[in-house]
Engineer: 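Sending over a structure as C-alpha cells; questions will come in a sec.
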Amino acid sequence: MAYDHKKIEAEWQRKWKDQKTFHVKNDPSKPKYYALDMFPYPSGAGLHVGHPLGYIASDIVARFKRHAGFNVLHPMGYDSFGLPAEQYAIQTGQHPAKTTEENAARYREQLDRIGFSFDWSREVRTSDPKFYKWTQWIFLQLFNSFYDSRLNQARPISELIERFESSGCQGQDAEVLTGDVEEIVGPFTAAEWKSFSDRTQQMVLQYFRLAYLSEAWVNWCPALGTVLANDEVKDGVSERGGHPVERKRMKQWSLRITAYAQRLLDGLDELDWSGALKETQRNWIGRSTGASVRFAVDDDFIEVFTTRPDTLFGVSFLTLAPEHLLVGKYTTEAQRAEVEAYVKSATNRSERERQAEVDKISGVFTGSYAKHPFTGAEVPIWVGDYVLAGYGTGAVMAVPGGDQRDWRFAKHFNLPIIAVTEGADIEKSADERKDAVICSDGFMKGMKVADAIPRAIEELEKLGAGEGRINYRLRDAAFGRQRYWGEPIPVYYKDDIPYPLPESALPLELPEVDKFQPTETGEPPLARAKQWAWDETNERIVANGGGSPLETTTMPGWAGSSWYYLRYMDPHNEEQFASPEAIDYWKQIDLYIGGNEHSTGHLLYFRFWTKFLYDLGVIPFDEPAKKLVNQGMIQGVSMMANVVVARTEKGDRYELLPIAEERNGAFHRNYPIEHVEFKDGRYTISEAGAEATRNENPTFREYHLTSKEIEVKPLVEKMSKSKFNVVNPDDIIERYGADTLRLYEMFLGPLEQSKPWDTHGIEGTSRFLRKFWNLFFESDIMSVSEEAPTAPELRTLNATLKKVTEDIDKMSFNTSVSQFMIAVNELHALRCNKRDVLEPLTIALAPFAPHIAEELWKQLGHSDSISTAPWPQWHARFLEEDNFSYPISFNGKTRLQLVFPVNLSKEEMEAAVLANLEVQERLEGKTPKKVIIVPKRIVNIVL
RNA sequence: GCCCGGGUGGUGAAAUGGUAUACACGAGGGACUUAAAAUCCCUUGGUCCGCAAGGGCCGUGCGGGUUCAAGUCCCGCCCCGGGCACCA
C-alpha cells in the first residue's frame with residue numbers, strides 16, 4: 001500500500017474532530033501541562049509557511065506531554081481587535097466584526113489542515129463581548145487601585161482615601177502632586193482633604209490610580225488618527241503602517257506600568273526566557289541609579305536627576321527641556337520673547353525631526369540663575385531641546401567636563417567647561433570614563449568615581465539638597481485609542497471627571513455607528529453613536545443627552561492579549577474571568593511560544609497585568625509564563641537581478657535589483673520598488689529615484705535590461721505578500737502532506753533562528769516519511785514481524801528514543817528529525833520489520849507527524865488513538881556495542897584505529913592497548929608518560 | 001555610544017573539552033527506462049603524494065593562551081545580526 005497523505009490526513013483530522021480527541025477537562029487527578037502559542041491576529045492575507053512554525057513546535061511538545069501522561073491544555077484563539085479590520089471598514093463600510101469573522105474562519109481552515117491538537121472548544125476571541133467583559137472588568141480594578149509603595153503592591157483606592165482622611169497626603173506620596181491638580185501641589189493634611197470638593201478629590205486620585213486620565217505628552221499619529229504607546233512607535237513613525245508620529249499634549253488614558261518597573265525587572269531573573277529577550281526587557285525598563293539634586297532658585301528650586309553626582313563640582317549650567325513647566329517662571333523679561341519663540345519652535349517639531357537633527361545644537365538662556373548646592377555659585381539656567389521632558393525631571397545639571405552632550409552644548413554657546421576628572425583633555429571632549437579619578441577641589445578630590453558617587457549623595461542628604469534616586473526609562477502606557485474596533489473603556493463623565501461603570505453594567509458593548517472614521521470635529525468614531533450615555537440612577541445605557549456621556553476612546557490592541565491565557569482555563573464561565581479552581585489547577589503557562597516582535601509590547605503588559613491580578617489576590621502567581629521560546633522567522637527568497645546600472649570609465653557598475661523569475665525566456669517583474677520602472681522592456685530609474693541616486697553617484701543614469709546583463713540571484717528577506725515571495729502552506733500540504741510540512745519546518749534549523757524557506761529541501765523529509773511507511777509494508781501488504789529484534793535493531797531503536805526524548809525536552813527538533821532519518825536508513829539497511837521496533841518508533845514519531853503515526857498505529861491493530869499511547873522508554877543496555885573501534889592517538893595525533901571490547905575497565909583497557917603489537921611498534925620501546933582513556937571515545941598516549 | 005547574540009562545506013546545519021562537517025538539500029557520476037518521472041547506488045572541506053589500495057599536511061572569522069586533547073574554556077582583535085539610545 002502506498003503512502004497516501006491526502007486520504008490519511010483528511011481521515012484523521014475528521015476523526016479527531018468527531019471524537020473530540022483533544023478536548024481537555026480540568027482534571028485535578030492528573031498532572032497538568034499548559035502549552036500556549038501567542039494567538040494570531042486574523043489578517044486577510046491568511047497564513048504563510050512562517051506562521052505555523054511556533055504552533056508546530058508547541059504542538060509537538062503538547063502531544064509529547066500527552067504521551068507522557070500529562071493533562072495538556074493546548075488552546076488557540078484570535079487576537080481579533082485590531083487596526084487592519086478597522087482600516088478596511090473605513091474604506092469599504094464593511095463592519096469589522098464581519099471581516100474578522102471571515103478571516104478567522106479562513107485561519108481555522110488553514111490551521112486544521114496542519115493537524116494541530118488544539119482544544120477548539122476553549123477558543124477565545126478578544127472581540128467577543130463575553131471575553132471583553134472581563135478585559136473591562138480588569139480595567140475597572142486598575143481604575144480602582146493605586147500602588148502602595150510602602151507595601152510594594154497594588155491596593156484598593158479606598159485604602160488611599162482612608163489614608164487621606166486620617167493623615168492626609170505626605171512625603172513620597174505627595175511628590176506626584178506637581179502638575180495640574182487645580183490648586184493642589186504637594187502635601188496636604190487630612191483636614192484639607194476633607195475640605196476639597198468631590199471634583200478636586202477625584203482629580204487628586206487620578207494621580208494615584210493605576211488606570212488614570214491625565215493631560216500628557218503623547219505620541220499622536222495623524223494618519224491613523226490615534227494615540228500610540230511607546231512600543232508602537234519606532235524611529236519616529238508608527239510601527240504599523242510607518243506613518244509619522246507627532247508629540248501632542250492631550251487628555252489621555254494611561255496605565256501606571258511604571259509602578260511595577262522594579263518588579264518587572266526583578267521577575268525576569270526567575271524566568272526561563274532567552275537572555276536576549278530578558279535583556280531587551282531590561283533595556284526597555286532602563287533602570288539607572290543616581291541622585292536627585294535640587295538647585296535653589298530664589299525661594300523655589302529646580303530638581304534634576306543625575307547618574308553622576310560625583311561631577312557636581314563641574315556643573316556650569318542647568319538645562320531645562322522646552323516643555324518643562326518652570327521654563328516660563330524662570331524666564332526674565334529681557335529674555336522672554338526669545339525663550340518663548342524657542343519653546344514654540346521646539347515643541348512644534350515632530351519627534352522624527354528632532355531625532356533626525358540630533359547633531360544640531362539649539363538652546364536659549366532664560367536670564368535666571370540657580371544656586372549650586374555645594375559651592376553656592378550662580379549657575380545659569382538654559383533651555384535646550386537635547387533634554388527630554390519625559391525622562392527624570394525634565395531638567396539636567398550640565399557637566400561639560402563629564403558629559404559629551406553637555407560639552408557640545410557648552411562649546412556651541414561658549415559656556416565654561418570645568419575639568420572634573422584627572423587626565424581629561426576637556427578642550428577636545430568630555431571625559432566619560434567611569435574608572436577616572438575626581439580632580440575637583442573639595443571633599444571628593446582624589447577619589448575614584450565609584451567611591452565619589454555615594455560620598456556626594458551623602459553630602460547632598462546632609463545639606464537637604466538631594467538624595468539617592470533610581471530612575472526608569474519605562475513610561476506609563478497610553479491606553480486610550482481614538483478608534484472604533486477595540487474594547488470600550490467602561491467609564492462615564494460628570495463634570496469632566498471620569499467615573500467607573502458598575503461591574504453589573506459589563507460588558508459595555510461596542511455601539512453601532514454609521515461610519516467608522518472620526519467625526520468631523522475630530523472626535524473618535526464612538527462619538528457617532530446615538531446611544532452612548534449612562535443613566536446613573538437606572539444603571540443603563542441611554543440616548544445621548546439622557547445621561548452622562550460615556551468614554552469614546554477604546555482600549556489598545558494589547559489589552560485583551562494581556563490576560564487571555566487565563567480565560568482558556570475556564571472559557572465559558574459567566575460569573576468570573578476564570579474560576580479559582582481552574583486557575584489553581586492550570587496555574588502558569590509551562591511553555592509559551594511566539595515571535596520576538598512582542599518583546600517590549602505584549603510581553604511587558606502581559607507580565608504587568610499578571611502582577612496586578614496577583615496583587616488583587618485573584619491569581620496565585622505573578623508571572624504568566626515560566627518558559628518562553630521565540631521562534632525565528634521563516635524568510636522568503638526573492639529573486640534579484642544583477643544588472644548594469646551605470647557605465648563609467650572604469651567599467652560597468654552593477655547593482656542588485658529585485659526582479660522576477662525567468663518565464664518563457666523573459667523576465668517578469670515581481671513587485672514594484674521605488675526608483676525603478678519597467679517600460680518598453682527596459683528597466684529605468686524613476687525621476688525621484690534618479691534624483692536620489694544621482695546625489696549618491698553622479699554617473700548613475702539608467703540601465704538597460706538585456707539577458708546578457710542579467711544574473712539572477714536569490715535574496716533572503718522577510719516573507720510578505722508585497723514581496724511576492726510568500727509560500728502558502730496549503731500548496732505544500734496539497735503536494736506533500738501536513739506531516740511532511742511539520743517535519744520539514746522543524747528540520748529547517750533551530751526553532752529560535754530565522755532561516756530561509758527552501759521548497760527543494762522538503763524532498764528529504766517527504767522521502768523520509770515514505771521510507772518510514774515502507775518499513776511496514778512489503779509489496780503493498782502490511783508485513784510486520786512478531787519476531788524478537790536483533791541487537792543492531794535494538795540499538796537503532798533505543799538510540800532514537802533516547803535522542804528524541806532528550807531533544808523534545810531541549811526543544812531541539814531539527815536534530816530529532818535527523819535522528820529519525822538516520823534510524824529509518826539503518827532499519828532499511830537491516831531490513832527490519834519487527835513490531836517491537838516499529839511500534840515504539842511510531843509513537844515517538846507521533847508528535848511530529850501525527851497523521852501517518854495514527855494510520856500506522858491503526859494498521860498495527862490498535863483501535864484507540866495513538867495520542868495517549870504511553871511514551872516508549874529507552875534502555876541504555878541496548879545501546880552498548882560489544883566492540884568499539886578506538887582511535888589511538890599519540891600526543892593528540894591520531895595514528896591508529898584499533899578495535900577493543902567496550903566492557904573493559906580503564907585499567908584493563910590500558911593494559912590491552914599497551915599490549916597491542918601495533919602500539920608497541922609505535923612506542924619503540926619507550927614508556928608512555930600517561931595513557932588517557934575516555935570510554936567509547938578515544939585513547940591518547942602521551943609520550 | 002551602551003548592552004546582548006552569532007561567525008563551522010556550495011546551502012540549511014550537527015558536534016556532554018575527546019575521530020569536526022552527522023542529517024538534509026544542491027552539485028557531479030552511475031543503474032533501471034524508448035524517454036521522462038519515480039526509485040536506488042557512488043562521490044562531494046582544501047591540498048599534496050600514489051597506477052591503485054591507501055596515505056601526508058592544512059582546516060570551525062583573526063592573533064595568542066590553558067590542556068595529553070579546544071569549534072567548545074580564557075585574553076586581545078575583526079566582522080555580522082539584534083535591542084536601547086541626546087535617557088543625563
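First the proteins, then the strands, lettered A, B, ... as listed; each starts at 1.
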Engineer: What is the distance from CG of A/Leu265 to C1' of B/C3, rounded to the nearest Å?
Structural biologist: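 Checked: the CG to C1' distance equals 14 Å.
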
Engineer: For A/Arg282 and B/G5, what is the distance between atoms CZ and P respectively, to the nearest whole Å?
Structural biologist: 11 Å

Engineer: Just the rounded figure in Å: distance from C1' of B/U11 to CG of A/Leu748.
Structural biologist: 11 Å

Engineer: Measuring centre to centre across the rings, with the benzene-like ring taken for any Trp, is A/Phe884 within less than 6.0 Å of A/Phe900?
Structural biologist: no

Engineer: Let's see if you can work this out: which of B/A13, B/G26, B/C86 has an atom nearest to the side-chain heavy atoms of A/Leu388?
Structural biologist: B/C86

Engineer: Between B/G10 and B/C62, how far apart are the P atoms? Round to whole Å, please.
Structural biologist: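 Comparing P positions in B/C62 and B/G10 gives a spacing of 14 Å.
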
Engineer: Might you work through the salt bridge (Lys or Arg N to Asp or Glu O under 4.0 Å) test for A/Asp269 and A/Arg282, ending with a clear yes or no?
Structural biologist: CA-CA 11 Å; A/Asp269 296 336; A/Arg282 289 197 185 101; 3.3 Å; yes

Engineer: What about A/Arg770: does its side chain form a donor-acceptor pair under 3.5 Å with the base of B/U39?
Structural biologist: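 No such pair is found, so the answer is no.
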
Engineer: Could you measure between the two C1' atoms, the one in B/A13 and the one in B/A24, and give it in whole Å?
Structural biologist: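 Nearest-Å result for B/A13 against B/A24 at atom C1': 9 Å.
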
Engineer: With sugar-phosphate meaning primed atoms plus P, OP1 and OP2, does A/Ile932 contact a base, only sugar-phosphate, or nothing at under 4.0 Å between heavy atoms?
Structural biologist: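 Base contact.
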
Engineer: List the steps, then state whether side-chain hydrogen bond (donor to acceptor under 3.5 Å, both in side chains) holds for A/Tyr391 with A/Ser288.
Structural biologist: CA-CA 11 Å; A/Tyr391 183 75; A/Ser288 32; 2.8 Å; yes

Engineer: Using purine N1 to pyrimidine N3 plus N6-O4 or O6-N4 for Watson-Crick, or N1-O2 and O6-N3 for G-U wobble, each under 3.5 Å, what pairs with B/U39?
Structural biologist: B/A31

Engineer: Could you measure between the two C1' atoms, the one in B/G30 and the one in B/U16, and give it in whole Å?
Structural biologist: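 Nearest-Å result for B/G30 against B/U16 at atom C1': 41 Å.
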
Engineer: Using atom NZ of A/Lys930 as one end and atom P of B/C68 as the other, report the distance to the nearest whole Å.
Structural biologist: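 Interatomic distance, NZ of A/Lys930 to P of B/C68: 5 Å.
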
Engineer: Within the pair A/Tyr386 and B/A88, is there a side-chain N or O less than 4.0 Å away from OP1 or OP2?
Structural biologist: no

Engineer: For A/Pro756, which contact category applies under a 4.0 Å heavy-atom criterion: base, sugar-phosphate, or nothing?
Structural biologist: nothing

Engineer: Quick one: which of B/C68, B/G12, B/A88 gets closest to the side chain of A/Lys755?
Structural biologist: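 That would be B/G12.
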
Engineer: Using Watson-Crick or G-U wobble geometry with both distances below 3.5 Å, tell me the partner of B/G7, or none.
Structural biologist: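 By the stated definition (distances under 3.5 Å), B/C78 pairs with B/G7.
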
Engineer: With respect to the side chain of A/Arg473, which nucleotide from B/U39, B/A85, B/G12 is positioned closest?
Structural biologist: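 Comparing B/U39, B/A85, B/G12 against the side chain of A/Arg473, the answer is B/A85.
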
Engineer: For A/Ser818 and B/A13, is the shortest distance between a side-chain N/O and OP1 or OP2 below 4.0 Å?
Structural biologist: no

Engineer: Using atom P in both nucleotides, what's the gap between B/A20 and B/U60 to the nearest angstrom?
Structural biologist: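 Taking atom P in both B/A20 and B/U60, they lie 12 Å apart.
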
Engineer: According to a strict under-4.0 Å criterion, is A/Asn825 in side-chain N/O contact with OP1 or OP2 of B/A22?
Structural biologist: no

Engineer: Which part of the nucleic acid, if any, lies within contact of A/Lys803, taking any heavy atom under 4.0 Å across all strands shown: a base, the sugar-phosphate backbone alone, or nothing?
Structural biologist: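 Result for A/Lys803 = nothing.
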
Engineer: Would you mind telling me which of B/A14, B/A88, B/C3 lies closest to the side-chain atoms of A/Thr815?
Structural biologist: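 Given the options B/A14, B/A88, B/C3, the side chain of A/Thr815 is closest to B/A14.
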
Engineer: How is A/Gln404 classified with respect to the nucleic acid when contacts are heavy atoms under 4.0 Å: base, sugar-phosphate, or nothing?
Structural biologist: nothing

Engineer: I'd like the C1' distance from B/G18 over to B/U72, given in whole Å.
Structural biologist: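 Going atom to atom, C1' in each nucleotide, I get 11 Å.
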
Engineer: Could you check whether A/Phe848 and A/Phe820 have their ring centres less than 6.0 Å apart?
Structural biologist: yes

Engineer: Take the protein atom CZ of A/Phe747 and the nucleotide atom P of B/A13, then report the distance between them rounded to whole Å.
Structural biologist: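 Rounding to the nearest Å, CZ of A/Phe747 and P of B/A13 are 11 Å apart.
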
Engineer: Which part of the nucleic acid does A/Val304 contact within heavy-atom distance under 4.0 Å: base, sugar-phosphate only, or nothing?
Structural biologist: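 Nothing, no nucleic acid heavy atom in range.
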
Engineer: Select from A/Leu277 and A/Asn891 the residue whose nearest nucleotide in RNA chain B is closer to the 5' end of that strand.
Structural biologist: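 Result: A/Leu277.
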
Engineer: Report the residue (A/Val817 or A/Lys936) whose heavy-atom-nearest nucleotide on RNA chain B is the more 5′ of the two.
Structural biologist: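 Of the two residues, A/Lys936 wins.
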
Engineer: Does a side-chain N or O of A/Asn814 approach OP1 or OP2 of B/A14 to a distance below 4.0 Å, or not?
Structural biologist: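 Looking at the OP1 and OP2 atoms of B/A14, one of them is under 4.0 Å from a side-chain N or O of A/Asn814.
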
Engineer: Rounding to an integer number of angstrom, what distance separates B/G82 and B/C25 when you compare their C1' atoms?
Structural biologist: 28 Å

Engineer: Specify the glycosidic conformation (syn or anti) of B/G50, with syn defined as within 90° of 0.
Structural biologist: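 B/G50: anti.
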
Engineer: Measure from the side-chain heavy atoms of A/Met821 and tell me the nearest of B/U39, B/C23, B/C4.
Structural biologist: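 Nearest to the side-chain atoms of A/Met821, counting from C-beta on, is B/C23.
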
Engineer: Between A/Ala410 and A/Phe317, what is the shortest heavy-atom contact and its length?
Structural biologist: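 Looking at all heavy atoms of both residues, the closest pair is CB-CE2, 3.9 Å.
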
Engineer: Identify whether any heavy atom of A/Ser889 sits under 4.0 Å from a base atom; if not, whether one sits that close to sugar-phosphate; answer base, sugar-phosphate or nothing.
Structural biologist: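 Touches nothing.
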
Engineer: With a cut-off of under 6.0 Å to the ring centre and 45° to the axis, is A/Lys802 in cation-pi contact with A/Trp874?
Structural biologist: yes

Engineer: Closest approach to the side chain of A/Pro750, judged atom by atom: which nucleotide of B/U16, B/C25, B/A14 is it?
Structural biologist: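 Looking only at side-chain atoms, A/Pro750 lies closest to B/A14.
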
Engineer: Under a 4.0 Å N-O cut-off, is there an ion pair linking A/Asp4 with A/Lys6?
Structural biologist: no

Engineer: What integer number of Å spans the P atoms of B/U8 and B/G61?
Structural biologist: 6 Å

Engineer: Just how far, in rounded Å, is C1' of B/A13 from CD of A/Gln819?
Structural biologist: 16 Å

Engineer: Find the distance A/Trp284:CH2 to B/C4:C1' and express it as a whole number of Å.
Structural biologist: 17 Å

Engineer: Round to the nearest Å and state the distance from A/Tyr736 atom OH to B/C25 atom C1'.
Structural biologist: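 Nearest whole value for this atom pair: 12 Å.
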
Engineer: Among B/C4, B/C23, B/C3, which is the nearest nucleotide to the side chain of A/Asn283?
Structural biologist: B/C3

Engineer: Grab the two heavy atoms, one from A/Val383 and one from A/Pro322, that are nearest each other, plus how far apart they are.
Structural biologist: CG1-CA, 3.7 Å

Engineer: I'd like to know if A/Asn940 reaches the base of B/C68 with its side chain, counting only an N/O donor and acceptor under 3.5 Å.
Structural biologist: yes

Engineer: Counting only side-chain heavy atoms from C-beta out, which of B/A13, B/C4, B/U19 sits nearest to A/Gln753?
Structural biologist: B/A13

Engineer: Expressed in whole Å, how much space separates the P atoms belonging to B/A31 and B/U47?
Structural biologist: 28 Å

